[in-house]
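Remarks on the structure that follows.
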Amino acid sequence: MSHKFVYEFSEGDASMRNLLGGKGANLAEMTGLGMPVPQGFTVTTEACTQYYADGEKINDDIRAEILTYIGKLEELTGKKFGDPDNPLLVSVRSGSRASMPGMMDTILNLGMNEAVVEAFAQKTGNPRFVYDSYRRFIQMYSDVVMEVGKAYFEELIDEMKERKGVKNDLELDADDLKQLAGEFKEEYKSKIGADFPSDPIEQLFGAIRAVFRSWDNPRAVYYRRLNDIPSDWGTAVNVQSMVFGNLGDTSGTGVAFSRNPATGDRGLYGEFLMNAQGEDVVAGIRTPLTIDQLKAQNPAVYDEFQAIVDKLEDHYRDMQDMEFTIEEGKLYMLQTRNGKRTAAAAFKIACDLVDEGQISPEQAVKMIDPKQIDALLHPQFDADELAAAVPIGKGLPASPGAASGKVVFTAEHAAEQGKLGEDVVLVRLETTPEDIEGMHYAKGILTARGGMTSHAAVVARGMGTCCVSGLGEITFGPKSFSLGGETYHEGDWISLDGSTGNVYGEAIKTVPAEIGGYFGRIMEWADEFRTMKVRTNADTPHDAAQAREFGAEGIGLCRTEHMFFEPDRIAAIREMIVSKTVEQREAALAKLLPMQRGDFEGIYEAMEGFPVTIRLLDPPLHEFLPHDEDDIVALAGEMNISLDELHAVIDSLHEFNPMMGHRGCRLDVTFPEIGAMQTRAIIEAAINVQAKHPEWDLVPEIMIPLVGEVKELAYVKKIVVDTADAIIAESGVDLKYLVGTMIEIPRAALTADEIAKDAEFFSFGTNDLTQMTFGFSRDDAGKFLDAYYEKKIYENDPFARLDQTGVGKLVELAVDLGKQTRPDIKLGICGEHGGDPSSIEFCQKVGLNYVSCSPFRVPIARLAAAQSALNNK
Ligand code: ADP
Ligand code: MG
Ligand code: MG
């Protein structure tokens with residue numbers, strides 16, 4: 001046989017994750033460990049890729065192989081597909097390499113048809129169970145194949161409940177369910193134009209195709225973009241013989257974590273429901289029982305489960321997230337995977353595993369997702385305001401953190417308003433995978449239904465978003481909800497405490513989080529393994545101090561223009577701009593000098609002797625002038641010039657494309673006195689601060705922006721060097737300084753060997769470099785990038801994640817060329833990408849000395865840099 005596309009569970013193991021997907025590989029591993037796993041086989045991720053390569057078709061070879069494995073499964077189970085006397089029923093489950101919770105669709109009870117159902121009902125003597133399974137199968141199959149969403153079928157169920165005057169789905173009897181199954185099939189026929197397939201083989205291939213297709217559904221695509229999962233990985237399909245948790249009161253289904261995923265505390269943590277199937281526990285249909293209650297109800301099963309959990313943890317050396325089903329008192333394992341956890345839990349579990357001797361510190365550093373750290377650094381409630389507030393209700397503390405925002409009731413509104421920078425809290429009956437984008441933009445999520453493992457809870461924890469779930473007292477009205485005797489409308493402020501489950505009917509101030517001991521321990525290890533330095537982008541002493549607290553080892557980018565917007569300076573900078581002669585301009589700049597020098601002194605102080613790269617003025621000058629006519633009139637008055645004259649200046653500064661206009665080093669080429677003043681401020685500040693701190697060894701780094709040609713760099717550098725040398729000579733101190741440039745124009749990258757003759761360091765300004773390489777601006781790209789994601793032209797935002805193919809090639813080239821001219825050239829990155837883990841890995845590979853990012857991303861960068869160093873050792 002040419003290529004193997006199908007594996008029985010007993011043929012695989014955990015190391016085959018790329019081929020079998022996470023779910024399939026772990027089912028195989030559990031089978032190998034002798035655990036009670038319903039048997040089945042896995043159609044590989046390569047088969048999925050092949051399906052797309054063949055124009056969305058399952059080709060004959062793969063089809064034949066699947067049929068062979070169906071035969072093997074029939075032999076193994078002693079059951080037969082479509083045999084009314086002894087039917088083989090299976091689940092068809094997706095599973096990709098990376099876990100994508102709730103992102104793909106699963107079909108249960110496949111293999112049922114009228115004949116099977118009749119006979120099966122008789123044989124089991126439990127027609128209710130059989131028809132319940134049947135209607136679920138038709139529902140899931142139709143949903144997945146028709147892609148109409150589950151809502152329609154839920155409506156039919158609700159109508160039925162209403163007709164019968166019952167509340168709970170358990171109160172529907174066999175006949176009701178049989179009737180529902182019929183209604184579902186009719187709906188299928190009317191939508192698809194063909195009868196619901198009764199042939200199990202046809203059902204199976206329909207289901208496998210649907211799973212392959214679901215790899216490309218919008219919510220899967222969105223999740224992949226959020227989590228850097230390439231679209232060419234594909235998903236595997238697992239076909240597994242069914243076990244039934246809905247056979248009656250001695251059957252049930254549940255999910256459990258081997259440790260608490262919110263806090264990291266040791267001990268089993270989970271929920272289950274008796275007489276239920278599949279997703280009932282997490283879908284919030286009935287409120288589940290906690291796993292401790294299983295111990296009381298069925299100690300034998302509980303003990304067996306606990307023993308399996310211990311074995312799995314020992315085996316995987318990580319916290320496990322498991323699914324199980326009890327069929328008439330017998331336990332089956334349906335899934336295990338490394339569990340998602342909150343940032344706080346991630347740090348505690350990693351430290352505990354090291355202390356338990358399960359893993360090394362290196363492994364502990366590698367097992368934490370750097371993006372998660374964000375949640376730890378995020379706000380908590382101000383203790384005093386919290387103490388004064390009275391909760392209006394209490395739900396489950398599903399995902400920790402604090403959120404305060406305006407109420408919205410739909411994910412669309414959450415996304416809309418979140419994008420505008422509004423703080424919103426999403427309030428829902430329960431969430432579904434379709435809500436994912438809105439959940440991402442919400443500050444917090446509140447649901448009326450669902451337990452600690454509900455969709456809302458799992459997704460919110462993964463995102464580090466605060467969530468309170470299962471607050472059953474909420475009643476919904478039209479565009480409003482009531483709780484604690486009050487009614488809240490869209491736009492009203494509420495606050496959620498994801499750590500206690502408390503909900504407040506008012507805004508509560510939030511304050512930055514305090515960083516605990518486990519975090520510190522892991523970060524210390526990370527710093528040991530790291531080879532790249534981590535600096536910060538900071539323009540103020542306040543930001544610099546914040547970044548130092550987070551462990552920054554210097555400033556990679558200090559933008560000087562932000563200082564000019566301060567009310568006490570803007571007048572002087574405007575005076576400089578409207579100056580007509582060099583003398584006027586110098587006079588205005590002289591007013592700015594002491595302020596700018598003071599700024600730099602503050603930053604040097606805050607950075608405690610660590611290196612600071614200061615960039616000369618970058619934006620076009622018109623950014624400093626007013627746009628409103630009222631402000632223009634006022635300014636003319638203040639400046640004592642005529643309105644016409646001021647208008648003339650403003651008109652003369654107008655640019656068609658400011659991004660590519662009169663900015664960066666071009667300003668210093670036209671007005672050398674600006675660069676001279678800034679150099680003076682930098683050097684004098686360094687001399688002053690150095691004098692106060694003899695223990696420091698300050699070496700100012702002066703960075704010339706937007707260079708595309710070595711001669712313009714040489715011209716501006718001469719201004720800098722002449723100014724600096726004169727000041728240093730006069731002061732009599734021995735101060736070293738460096739002059740370097742940003743590489744942010746493609747031409748600079750292409751001619752980096754020449755540029756390096758005059759640049760002692762390069763800092764890759766990958767924001768501009770990305771704009772100029774792609775030819776679209778960051779501020780305008782938002783309008784069309786969504787269409788690009790939709791049409792699969794781009795998988796992610798090139799401004800958030802470095803485009804390694806194109807922009808990265810320029811970076812690599814510039815590194816090589818730069819080193820040819822100046823082997824010891826200092827190399828760093830100061831674009832947004834400096835705080836993005838996958839881009840940091842790239843920086844490590846091409847040999848940069850440091851990354852620089854915003855203060856709140858410094859810990860993320862420290863951890864990501866450590867992981868990059870360990871991965872590239
Ligand atoms: P997801 O990835 O969304 O969790 P799963 O494939 O794990 O989807 O399945 C959904 C639900 O169906 C889970 O609760 C799972 O335990 C249950 N399930 C899957 N296969 C079987 C089976 N063969 N027998 C019984 N229950 C199953
Ligand atoms: Mg699911
Ligand atoms: Mg699952």
Side-chain angles (χ1 to χ4, degrees), residues 9 20-27 30-31 36-43 73 76-77 79 87-112 129 132-133 136-137 139-141 143-144 150 204 207-208 210-211 214-215 217 219-220 223 235-247 251-257 270-273 275-285 288 305 320-328 330-340 431-433 436 451 453-455 457-459 462:
F9 291 168
L20 303 179
K23 200 177 284 171
N26 287 333
L27 284 168
M30 285 197 290
T31 300
V37 176
Q39 282 308 287
F41 56 83
T42 304
V43 184
L73 187 58
L76 202 64
T77 56
K79 297 177 178 174
L88 172 65
L89 300 176
V90 296
S91 63
V92 175
R93 321 171 63 186
S94 64
S96 68
R97 276 156 75 165
S99 109
M100 294 171 64
M103 285 298 118
M104 316 288 284
D105 298 302
T106 292
I107 297 170
L108 302 178
N109 311 330
L110 185 140
M112 286 189 154
F129 149 71
D132 186 42
S133 306
R136 284 171 193 264
F137 165 52
Q139 186 177 348
M140 287 183 266
Y141 190 90
D143 170 32
V144 167
K150 299 179 177 61
L204 179 67
I208 293 174
V211 171
S214 79
W215 175 250
N217 76 27
R219 57 187 210 245
Y223 186 90
T235 180
V237 185
N238 302 289
V239 177
Q240 184 176 28
S241 54
M242 285 299 303
V243 287
F244 295 100
N246 53 341
L247 261 174
S251 301
T253 181
V255 294
F257 293 87
E271 292 168 330
F272 73 104
L273 270 178
N275 201 5
Q277 187 176 48
E279 307 256 87
D280 290 357
V281 176
V282 297
I285 287 167
F305 183 59
Q320 295 298 296
D321 168 1
M322 297 149 296
E323 292 173 1
F324 62 93
T325 282
I326 305 163
E327 184 183 85
E328 302 196 305
K330 175 156 176 31
L331 175 70
Y332 290 96
M333 296 301 293
L334 288 169
Q335 189 172 339
T336 193
R337 63 180 171 212
N338 294 341
K340 301 232 175 249
T431 63
T432 66
I436 186 158
T453 49
S454 65
H455 177 264
V458 171
V459 172

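Every number for a ligand or one of its atoms is a count from 1 in the order of the listing. Not measured: the values here are computed from a predicted model.
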Checking heavy-atom distances from atom 15 (C) of ligand 1 to each of Gln277, Glu323, Arg337, the winner is Glu323
Have a look at Asp321 and tell me which of Lys23, Arg337, Lys340 forms a salt bridge (Lys or Arg N to Asp or Glu O under 4.0 Å) with it.
Arg337
What atom name does the N, O or S atom of Glu323 nearest to the Mg ion (ligand 3) carry?
OE2
So do the side chains of Gln320 and Asn338 get within less than 4.5 Å of each other, counting heavy atoms only?
yes
Nearest heavy atom to atom 18 (N) of ligand 1: which of Ile107, Val90, Leu108 does it belong to?
Leu108
Which of the numbered atoms in ligand 1 are below 4.0 angstrom from a heavy atom of Val243?
24 (N), 25 (C)
Does an N or O anywhere in Ser91 fall below 3.5 Å from an N or O of ligand 1?
yes
For a quick check under 3.5 Å, do Gln277 and Asp132 share a side-chain donor-acceptor pair by atom type?
no
For Leu334, atoms of ligand 1 separated by under 4.0 Å from a heavy atom
16 (O), 21 (C), 22 (C), 24 (N), 25 (C), 26 (N), 27 (C)
Do any N or O atoms from the side chain of Glu323 and from the backbone of Val255 form a donor-acceptor pair under 3.5 angstrom?
no
Looking at Ser241, which atoms of ligand 1 are within less than 4.0 Å of one of its heavy atoms?
23 (N)
Does any N, O or S atom of Thr106, backbone or side chain, fall under 2.8 Å from the Mg ion (ligand 3)?
no
Can you find an N/O atom of Arg93 closer than 3.5 Å to an N/O atom of ligand 1?
yes
Taking the side chain as every heavy atom from C-beta outward, state whether Ile326 and Phe272 have any atom pair closer than 4.5 Å.
no
In terms of heavy-atom contacts, Pro38 and Leu334 come closest through CG-CD2, 3.8 Å
When you measure from the side chain of Ser241 to the backbone of Gln39, do you find a donor-acceptor pair of N or O atoms at a distance under 3.5 Å?
yes
